[in-house]
Visitor: 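The structure's right below; bear with me while I get my questions together.
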Amino acid sequence: MLLESGTAGIDTFCKRRSRKLDDKKLVKKLRTSGINKFMEGWLNQPMFKSIKQVMLPSEYEEFAKIKTNQNEVGLANSLLGFGTGSMPNFWKKLKNIRVHTLLITEISAMRWIKCFDFKDIIYEKADGIAKITINRPEVRNAFRPETVKELLIAFHDAKECSDVGVILLTGAGPASDGKYAFCSGGDQRIRANKGYVGEDDGVARLNVLDLQKLIRSIPKVVIALVAGYAIGGGHVLHVVCDLTIAAENAIFGQTGPKVGSFDGGFGASYLARIVGQKKAREIWYLCMQYDANEALKMGLINKIVPISELESEGISWANKILAHSPLAIRCLKSAFNAELDGQAGIQELAGTATLLYYMSEEAPEGKNAYLEKRKPEFKKFTRIKNASDLNDDYKSVIIKVDKTSYNGKVYSSQGNAFIGFDEKSYTGQIITIEKKPYNEIYNWQDLQAINFKLDGHYVLKNDINIPKPNINGFPASGFKTIASDTNNTIDGFQGFSFTGSLDGNGFKINNLIIVNSDNDYVGMFGRVSNARFTNIRCNVDSIIGRLYVGGLCGSSQNSVFSKVEVTNGKIISSQNSVGGIIGNAVGGYIKNAFSNSEVYGSSRVGGLIGACEADSLADSYFTGSVFTTIREGGGIAGYNTSKVYKCYSTATQKTPSAVNYESFIGKNEGGTIRQSYWEKDPSGFSLSFFAIYVTNRTRISFLNNKFYDTGQNNLELFIGWDFNSTWLNKGNGSFPTLRWQ
Ligand SMILES: CC(C)(COP(=O)(O)OP(=O)(O)OC[C@H]1O[C@@H](n2cnc3c(N)ncnc32)[C@H](O)[C@@H]1OP(=O)(O)O)[C@@H](O)C(=O)NCCC(=O)NCCSC(=O)CCC(=O)c1ccccc1C(=O)O
């Protein structure tokens, strides 16, 4: 229940405001001095005051009595906002004062406040909504230049008014003949050769086009409320609105070709986007009229309601929109427009992007630096790779730091969050951290700390030098495998697969030593799954493990290795599945990989991959040595089931007693090998002629596989190899290398 505002006869915004201020003063009087003083103040209102001057005191008293009784509405307004409870004494007396009350039952009970004094339109605002009504019902709300001029002013005002989020556009009605219209287009009575002639200046204009553009580009939702006719240029006006709600009596149509006019802009092209080309052509060529149901069917309008509910439905939709994020609505509107408004649409969308940028912390840094005559510090702002990288990892989180520091680094058990890269101990504190989509790795401790967040994304920011074991407290076992088989709870390490990504960023990891001969899954990474490695240069000293041992990773599942090299080291397994880069790869792919390491194991020993069951292995090469004591050893892979293409190996072999021991692939089982080469028996061992072991199930194409003789550098051998962007021909009889190296 609400006390009704009493401002009958006061219809301009400014007058209402000053009246409200007066009322406020009165309410203050009621609070501070009591009801009698309040009544005194009330009777001193300008209306009573001026009358007092022309009346006898007795007349005035009588008049004041009547007036105070009649003007409950105004009195009620004064009392509006006066809270209960603070001065109970007054409330006893207040019950004797009669006031109008209003029970709000419908949204249409809006208290519109009229703005400006327009001739052809009515412009009102209330509670975040602006309502613009074309007010020429006698001509079915046809517009003349003055009408459009006023509409432009009203729309501009609504655009600038930060209180307004939704604009309703409608037509006044019914006319004296009882008929309704939204708008019947340009006023044909004042149409001249060059447009519609203005009454005030006699200039001919087509200024409705500016209005159409404004309605489309205004960063707020415009809803057309159509009762009766929306015809000709009036029809185009509802077309350019964001949404249209129609009354049951609404009628739509274009008349251009009938009355010697056409709208080839939004009126044609945007209409065609809405209802389709065929229907739009029908509308324009035939100039027929369509009722609300037909319009709804062709997608020209959003909803049909009884005429009595047209405004309340518009308000209800507006309120729903007002409850949503204004920036999201704004971005959506410009995005919808950008799709067909070309450069202008992109400009609009970009304008919104600029607005958002200005609202960030980053943009003001540039302005502030300029004003403070200093260099801007943009480095402190995070470089975001792309929008999809903005996941939960990026958000600031409040965490309790409850892990002891590890080599100067501090962690929280909450999601094993990594706190940062400074040496300070935060243990026990509650802090806010900004997690970055990419954790930056500056030294070996940071690299080691990947263990604490195995689904993180990492990028090297320096060459990393791994300390030598037993020096300065570095453990005798060297670097701890990341995502090792053992769940080392003492350090809080996670024992599961690494599922994130590591970008070497052109930097090198040097002198990697891992001594872990009693454990499986040994390498810089133990187990990885759906992980991604790019630009990795790893210079290994030695890596020693049991089963599944690799220079970069012991075992991988569905992971991607692109541009990776493991060089100069000894990769040693006491058992099987050991590779210069990966011990055992299942699914995923490897490309642009290289190793020249020495790889040792009993079986499934590969220069690049021990057991290769990946989807593919391409554009990679091996120039080191493979030592297999029992079976299945090869320069590219010890055992292979995957597609191998455009690879070469110059592997040397030194334990000829092993079986399936070849310079390219030890045992190929179901894999496809194409466009690949290997050096013919460089170490003097004479194994199979093809230097490849073929089982019955093998589908090897020998089409382009040729023996490569040292010293021969005939590129014709490398048919299909990409020497422009992938491989590098160094000439002088040397073997090709990869360009990224
Ligand atoms: C809307 C009608 C279908 C309604 O019909 P009905 O209910 O039977 O009412 P009427 O008896 O016809 O009309 C009542 C009364 O209003 C007058 N009137 C109605 N519309 C107009 C109008 N547009 N201009 C002037 N006067 C109008 C009508 O004459 C009657 O007055 P009386 O004094 O009683 O005679 C029907 O009224 C109708 O079809 N109206 C005309 C619709 C029309 O053709 N409009 C113009 C289309 S062209 C246009 O809008 C151009 C827009 C524009 O500016 C533009 C945009 C882009 C590029 C170029 C241009 C450009 O300028 O050309």
Side-chain angles (χ1 to χ4, degrees), residues 393 403 406-409 411 415-418 421 438-462 464-467 469 474-475 477-505 507-561 564 566 569 571 578-579 581-585 588:
D393 286 351
K403 286 267 171 74
Y406 177 76
N407 289 317
K409 306 293 169 225
Y411 304 90
N416 277 307
F418 176 56
F421 292 104
Y438 277 81
N439 288 316
E440 297 173 342
I441 294 183
Y442 291 88
N443 51 40
W444 74 266
Q445 290 97 332
D446 300 339
L447 187 65
Q448 189 72 85
I450 291 177
N451 247 327
F452 289 95
K453 183 155 173 47
L454 292 177
D455 60 352
H457 301 282
Y458 300 89
V459 61
L460 294 194
K461 298 300 265 186
N462 262 335
I464 310 290
N465 296 314
I466 311 288
F474 196 70
S477 55
F479 187 82
K480 265 182 205 290
T481 289
I482 300 162
S484 65
D485 191 34
T486 39
N487 188 352
N488 187 339
T489 48
I490 295 167
D491 283 341
F493 282 0
Q494 291 174 329
F496 306 107
S497 290
F498 174 69
T499 56
S501 68
L502 176 62
D503 180 352
N505 197 22
F507 294 106
K508 251 189 173 170
I509 297 165
N510 289 315
N511 201 33
L512 183 64
I513 298 178
I514 300 174
V515 183
N516 203 353
S517 48
D518 294 335
N519 280 307
D520 305 334
Y521 303 103
V522 175
M524 182 156 65
F525 289 80
R527 286 194 289 192
V528 305
S529 170
N530 295 300
R532 188 178 186 91
F533 296 89
T534 49
N535 288 309
I536 309 283
R537 297 159 186 272
C538 184
N539 200 353
V540 171
D541 180 299
S542 54
I543 294 176
I544 304 170
R546 194 168 60 184
L547 183 68
Y548 302 122
V549 182
L552 182 55
C553 138
S555 170
S556 99
Q557 276 207 336
N558 302 325
S559 297
V560 170
F561 297 81
V564 293
V566 175
I571 319 291
V578 52
I581 293 178
I582 307 165
N584 175 212

Visitor: Side chains of Cys553 and Phe498, heavy atoms from C-beta outward: is any pair under 4.5 Å?
Guide: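 With C-beta onward as the side chain, the pair stays apart.
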
Visitor: Looking at CG of Asn443 and CD1 of Ile466, how far apart are the two atoms once the value is rounded to the nearest 0.5 Å?
Guide: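 Reported value, rounded in 0.5 Å steps: 9.5 Å.
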
Visitor: Decide yes or no for Leu454 and Ile482: does some side-chain heavy atom of the first lie under 4.5 Å from some side-chain heavy atom of the second?
Guide: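 Yes - at least one pair of side-chain heavy atoms lies under 4.5 Å apart.
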
Visitor: If you round to the nearest 0.5 Å, how far is CD1 of Ile581 from CZ of Phe533?
Guide: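 Answer for the CZ-CD1 pair, Phe533 versus Ile581, is 11.5 Å.
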
Visitor: Any non-hydrogen side-chain atom of Ser556 less than 4.5 Å from a side-chain atom of Phe561?
Guide: yes

Visitor: Judged by atom type as modelled, is there a donor-acceptor pair below 3.5 Å linking the side chain of Thr481 to the main-chain atoms of Gly523?
Guide: yes

Visitor: Keeping the roles fixed (side chain from Gln448, backbone from Lys480), state whether a donor-acceptor pair exists under 3.5 Å.
Guide: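 Such a contact is found between Gln448 side chain and Lys480 backbone.
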
Visitor: Under a 4.5 Å cut-off applied to non-hydrogen side-chain atoms, are Asn505 and Ile441 in contact?
Guide: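 SC-SC contact between Asn505 and Ile441 ruled out.
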
Visitor: Distance-only, no hydrogens or angles: does the Ser559 side chain make a donor-acceptor pair with backbone N or O of Gln557 under 3.5 Å?
Guide: yes

Visitor: Strictly distance-based, threshold 3.5 Å: is any side-chain N or O of Asp520 a donor or acceptor partner for the main-chain N or O of Leu547?
Guide: yes

Visitor: Would you please test Asn465 and Asn511 for side chain to side chain contact (heavy atoms under 4.5 Å, CB included) and show each step?
Guide: CA-CA 6 Å; Asn465 296 314; Asn511 201 33; over 6 Å; no

Visitor: Rounded to the nearest 0.5 Å, what separation is found between the OG1 atom of Thr499 and the CG atom of Asn558?
Guide: 12.5 Å

Visitor: Nearest 0.5 Å, what's the CG-OH distance between Asn584 and Tyr521?
Guide: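 Rounded to the nearest 0.5 Å, the CG-OH separation comes to 8.0 Å.
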
Visitor: By the definition side-chain contact (heavy atoms from CB on, under 4.5 Å), identify the one residue from Val522, Ile543, Ile514 that meets it with Ile571.
Guide: Ile543

Visitor: Is there a side-chain contact between Met524 and Val540 (heavy atoms, below 4.5 Å)?
Guide: no

Visitor: Are Ile464 and Phe479 packed together at the side-chain level, in the sense that at least one heavy-atom pair is separated by less than 4.5 angstrom?
Guide: no

Visitor: For residues Ser517 and Arg546, report the shortest heavy-atom separation together with the two atoms involved.
Guide: O-CB, 3.5 Å

Visitor: Does Cys538 reach the side chain of Leu512, with side-chain heavy atoms less than 4.5 Å apart?
Guide: yes

Visitor: Check whether any side-chain heavy atom of Tyr548 sits under 4.5 Å from a side-chain heavy atom of Arg527, and report yes or no.
Guide: no

Visitor: Using 0.5 Å steps for rounding, measure from the CD1 atom of Ile450 to the OG atom of Ser501.
Guide: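 Result: 9.0 Å between the selected atoms.
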
Visitor: Measure the spacing between CG of Asp503 and CG of Leu460 and express it to the nearest 0.5 Å.
Guide: 7.5 Å

Visitor: For the backbone of Ala483 and the side chain of Asn451, can you confirm whether one donor and one acceptor N or O come within less than 3.5 Å of each other?
Guide: yes

